[in-house]
Amino acid sequence: MDEPTIVILGGGVGGVVAANELHAKLKEKARIVVVERNLQQSFQPSYLWVMTGERQPDSISRDIARLDRKGIEVVAGEIESIDTAGKSVTVSGKQIEYDYLIVALGAELDFESIPGLAKAHTYYTLDGAERLAGELKQFKGGQVTIVVAGAPYKCPAAPYEGAMLLEGYFHSRHVRHNMKLAMYTPEPLPMPVGGKTLGENIQEMLAHKGIDFHPEMQLTSAKGGELQFEDGSTAAADLLIVVPPHRAPAVVRDAGLTNDTGWISVDESTLATAHDGVYAIGDVTRIALPDGMALPKAGVFAHGQAEVVARNLAAQILGHAKRETYDGTGYCFLEAGGGVAGMAQGNFYGEPRRITMRSPSPVWHWGKVAYERYWLWKWY
Ligand SMILES: Cc1cc2nc3c(=O)[nH]c(=O)nc-3n(C[C@H](O)[C@H](O)[C@H](O)COP(=O)(O)OP(=O)(O)OC[C@H]3O[C@@H](n4cnc5c(N)ncnc54)[C@H](O)[C@@H]3O)c2cc1C
């Protein structure tokens, strides 16, 4: 029998881990193909440091085509369609057939769904973080407003990290006294999936830094420096920074892979979808937790899920009986400005779910820096 073909859609966090893990286990016993439109992959947690000028895009980016040298095929192109019945995908006009498919296409940022949003700044893309860094250098003072424009969004901590890093940045430039900082979010409190205590801790950190926090505020328009919210209230912004609404990539929606939540539904332990031989991992999925909340969209979960799917597929192909289950454990560093970070961790599948946070300290900040270096070295 010919070696099976495993096609991995997306070469971001989930895709690169799945490809490496499959290759490590299977070597020449399978054809492993990664399809990605953007060969220059960048480490998204570091976008915050691009914004503050502590990183340049080159230093946090790697060429995914380098996986070729390990024997992993990298196909550069736009995934145009996914045919789960015919077990094939179309990439820039060419068809690729698969025996197993891992969908790791992440989330798409939707700037068009709210009027005026496309003109706002964001550090949720590499280009956006770089543009914002340029703007910050010349920004002399005024109202700085950070708006989470829709949930769910990736990395529940990142809006709060962004606000606290900006506050520290303005301090270091001795212009903090010229700035007012405010945050708006549709969430009831910061990182609600982490529970009330964690949310209140972060709210206290924001208050301590003089950052006004406005929960349960859904943005409806952001035209000409004036923000409008669903409840009829308005706010001003001299510098507007947004976390745009997220949605599943168009190709996933068009393939009928999403359910009424707008995301791909998977088995929480195996990441299998309802389609034969098709798995989905990372931000493109929605995994419901026992209390009805969802597993956050974050690299740490995409990474763990990729390992489980890859190891189980390898075991199946090699005829081994052992299977792993994904357990929902995760952690996240929370940059707080001034060279310190907190660290939240816990088992998100736990009943009850207990997520705890270690107090901000330089240790966790350097932990995040070390993890960034490790990541960029390990996978490419
Ligand atoms: C500012 C910021 C800070 C963050 N901080 C953290 C953190 O501290 N900790 C943490 O765990 N997570 C963090 N994250 C989140 C983390 O980066 C994501 O959750 C993670 O990248 C998700 O992995 P993924 O594989 O699901 O998707 P991605 O890594 O986004 O990969 C998806 C890939 O699919 C490709 N793709 C999509 N559609 C197509 C198509 N049609 N054709 C071809 N290719 C396509 C994309 O180009 C992309 O490379 C942060 C994110 C941001 C923006």
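Ligands are counted one by one from 1 in listed order, and the atoms in each one are counted from 1 as well.
- Taken to the nearest 0.5 Å, the CG atom of Asn20 stands 7.5 Å off from the NZ atom of Lys378.
- Inclusion of Glu78 in the set of residues having an N or O under 3.5 Å from an N or O of ligand 1 is warranted.
- Among the atoms of Cys155, none of the N or O lies under 3.5 angstrom from an N or O of ligand 1.
- Nearest protein neighbour of atom 48 (C) of ligand 1, counting heavy atoms only, is Glu36 OE1, 3.4 Å.
- At least one donor-acceptor pair closer than 3.5 Å links the side chain of Thr52 to the backbone N or O of Trp49.
- Counting atoms of ligand 1 from 1 in the listed order, those under 4.0 Å from a heavy atom of Gly282 are 26 (O).
- At under 3.5 Å, a nitrogen or oxygen of Asp283, whether backbone or side chain, sits near a nitrogen or oxygen of ligand 1.
- Here the side chain of Arg69 pairs a donor or acceptor atom with the backbone of Arg66 at under 3.5 angstrom.
- The closest side-chain donor-acceptor pair between His208 and Glu204, if any, does not fall under 3.5 angstrom.
- Residue-to-ligand polar distances keep Val251 apart from ligand 1: every N/O pair is separated by 3.5 Å or more.
- Nearest heavy atom pair, residue Leu227 against residue Ala222, reads CD2-CB, 3.8 Å.
- Residue contact check for ligand 1: Phe333 places no non-hydrogen atom closer than 4.0 Å to it.
- Of the possible donor and acceptor atoms, one in the side chain of His246 sits under 3.5 Å from a partner among the backbone N and O of Lys154.
- If you look at Lys368 next to ligand 1, the close heavy atoms, those under 4.0 Å, all belong to the side chain.
- Between Gly11, Gly106, Ser46, it is Gly106 that holds the heavy atom closest to atom 27 (O) of ligand 1.
- Within the set Gly10, Ala104, Ser42, Ala129, the minimum heavy-atom distance to atom 32 (C) of ligand 1 is found for Ala104.
- Remark: the Asp127 side chain and the Thr125 side chain contain no N/O donor-acceptor pair separated by less than 3.5 Å.
- Ionic pairing of Lys25 and Glu21 is present here: one or more N-O contacts between side-chain nitrogen and carboxylate oxygen are shorter than 4.0 angstrom.
- Protein heavy atom nearest atom 31 (O) of ligand 1, with residue, atom name and distance: Gly12 CA, 3.3 Å.
- By the 4.0 Å heavy-atom criterion, Cys332 is excluded from the residues contacting ligand 1.
- The backbone N or O of Thr5 sits less than 3.5 Å from a side-chain atom of Asp99, completing a donor-acceptor pair.
- Which parts of ligand 1 touch Ala302 is read off a 4.0 Å heavy-atom cut-off, strictly below it: atoms 23 (O).
- Look at Leu105 and you'll find a heavy atom under 4.0 Å from some atom of ligand 1.
- Close approach of ligand 1 to Gly77 (heavy-atom distance below 4.0 Å) involves ligand atoms 42 (N), 43 (C).
- Side-chain atoms of Ser46 and Glu372 form a donor-acceptor pair, as typed in the model, at a separation below 3.5 Å.
- The distance criterion of under 3.5 Å between nitrogen or oxygen atoms is met by Gln41 with respect to ligand 1.
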